[in-house]
Amino acid sequence: MREHEKIPYDSFAQQAYWGEGMRLPGQSKGLDRWFFQWQWRNTMRAEDEIDSDEPVITESGYYASYVIGAQWFDEENTMPLVVTTKYGCDRIDFLKMFSVCFNSGIEAKEFSKIYAVDMEQPRIKAPELKSVLSPLIVAHFLSIVKEIVKRGLKKDYVQREDNLKKVKGRIAIFRNERMNIQKERYDKVFCQYQEYSEDTVENRLIKKALLFSQQILQVAGLSPSLLPLQHTVHECLSAFANVNDQIEVWEVKAIKHHKIFKEYDDAIKLAQMILHRYDYNITNITTAEEEECPVFWIDMAMLYEHYVLGLLREAYGSLIHYQERGHTGYPDFVCYSPQVVLDTKYIPRFYQGSIDTYIVRQLSGYSRDKWIFPTQPDANIPCVIISPIEGDEENPFKNKPLEDFLQKEDRHLWNFHRIAVPLPMLNEN
């Protein structure tokens with residue numbers, strides 16, 4: 001299925017079972033998002049049928065939302081539901097979108113709201129989504145490891161064992177007897193000692209996942225979107241040069257998360273996810289059946305919002321404020337020089353079609369909010385709606401003043417403007 005399409009169901013039992021629909025699992029408090037939801041919809045009559053006595057045809061039912069991914073429709077895991085991107089957004093370069101998001105400085109906790117993966121449930125055959133999930137996890141993982149490298153690898157006391165010429169730590173009596181005394185090697189002593197080192201089990205897990213990521217990107221081939229990630233992998237592996245990459249599966253599963261070291265906590269979770277994705281065997285990256293994927297979802301509206309944020313930050317830097325707190329809500333973007341309110345809507349028809357009334361009221365409220373704009377403006381503050389289209393232009397804001405986008409006004413609304421920000425697209429070949 002595609003986003004926003006009606007989900008076929010054939011019994012009242014299913015309706016009774018799902019009720020309002022399927023909420024996204026693992027949501028943060030205050031979020032109310034759905035994989036699919038029951039909606040009441042009416043079919044619009046043609047103009048010459050407005051005065052007809054015939055009843056309006058209803059098409060109410062379960063509709064997919066703006067979320068793509070793969071979920072099980074039932075508790076028995078016998079009915080998979082796969083939702084792909086909407087029509088007009090078929091060739092999205094997700095890797096490019098993820099890279100732009102991370103370049104905007106998005107925090108890991110914010111990006112975790114965009115997607116979620118459940119490795120414990122049975123996998124689903126979804127060849128339509130094979131190019132989405134692995135690049136997403138790898139890009140997220142590399143962005144966090146890059147921050148760890150920037151701050152410096154965490155060190156800890158590591159247990160060592162070695163046959164030395166001098167006693168270090170304590171002598172391992174039984175192993176020294178077997179390895180040295182019985183063989184008359186009196187110049188050696190087998191010792192157990194602790195060493196303050198970067199070669200911790202956490203760092204070994206991260207390095208192992210870096211090697212997996214390197215292989216995943218190599219299998220994906222060469223593209224402009226991949227080059228920055230491949231460069232990041234090489235940089236990170238250089239920083240982990242003194243770390244061993246040997247780690248057992250039981251060690252991977254036993255690693256505890258660190259609440260104090262937030263970056264390490266996120267990196268460990270993603271590293272475990274990458275290794276689990278390929279059953280802890282790097283050869284599976286080239287031999288695994290890519291048509292099967294774990295249960296997961298991606299919120300396309302939030303992904304597009306952060307993608308646009310990355311483009312705006314690239315063009316205007318700190319002039320763009322994200323999610324400013326207001327009395328009327330949290331606008332996506334605010335600029336104070338010039339004064340502009342900008343909001344993303346992941347609805348392609350908004351570029352040319354009519355704007356829904358509730359959206360007009362929403363942005364009008366932001367532009368008159370004294371918490372957002374403490375000083376009374378001389379005129380109505382411009383409101384801009386940003387929506388997606390397919391296109392080749394990478395960043396329409398680059399090398400162009402924000403004022404240039406305010407020249408063309410909506411034909412129905414004072415000081416309302418529209419900007420089409422193209423989704424990055426893969427080449428046809």
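Just so we're clear, the structure is a prediction, and the values are computed from it rather than from any experiment. Quick note: residue numbers are just sequence positions, from 1.
The side-chain heavy atoms of Ile385 and Ile359, taken from C-beta on, include a pair separated by under 4.5 Å. A heavy-atom distance below 4.5 Å is found between the side chains of Val243 and Leu153. With a 4.5 Å cut-off on side-chain heavy atoms, Leu229 and Phe98 do not count as touching.
For His231, the NE2 atom is loosely surrounded, since the number of other residues' heavy atoms within 6.0 Å does not exceed 12.
Under the 30°/60° scheme for interplanar angles, the aromatic rings of Phe333 and Tyr322 are found to be tilted.
For Asp356, the side chain to side chain donor-acceptor pair (under 3.5 Å) partners at least two apart in sequence or on another chain are Arg349. For Glu195, the side chain to side chain donor-acceptor pair (under 3.5 Å) criterion is met by Arg160, not counting sequence neighbours.
Tyr336 and Glu324 form a side-chain donor-acceptor contact under 3.5 Å, judged by distance and modelled atom types alone. Side-chain contact, Gln362 with Lys345: a donor N or O sits under 3.5 Å from an acceptor N or O. For the 3.5 Å distance criterion, the side chains of Thr328 and Asp369 qualify, holding a donor opposite an acceptor. Side-chain contact check for Asp343 and Tyr366: no donor-acceptor pair (N or O, by modelled atom type) lies under 3.5 Å.
Figure legend: Lys400 and Phe405 shown as a cation-pi pair, the cationic atom lying under 6.0 angstrom from the six-membered ring centre and within 45 degrees of its axis.
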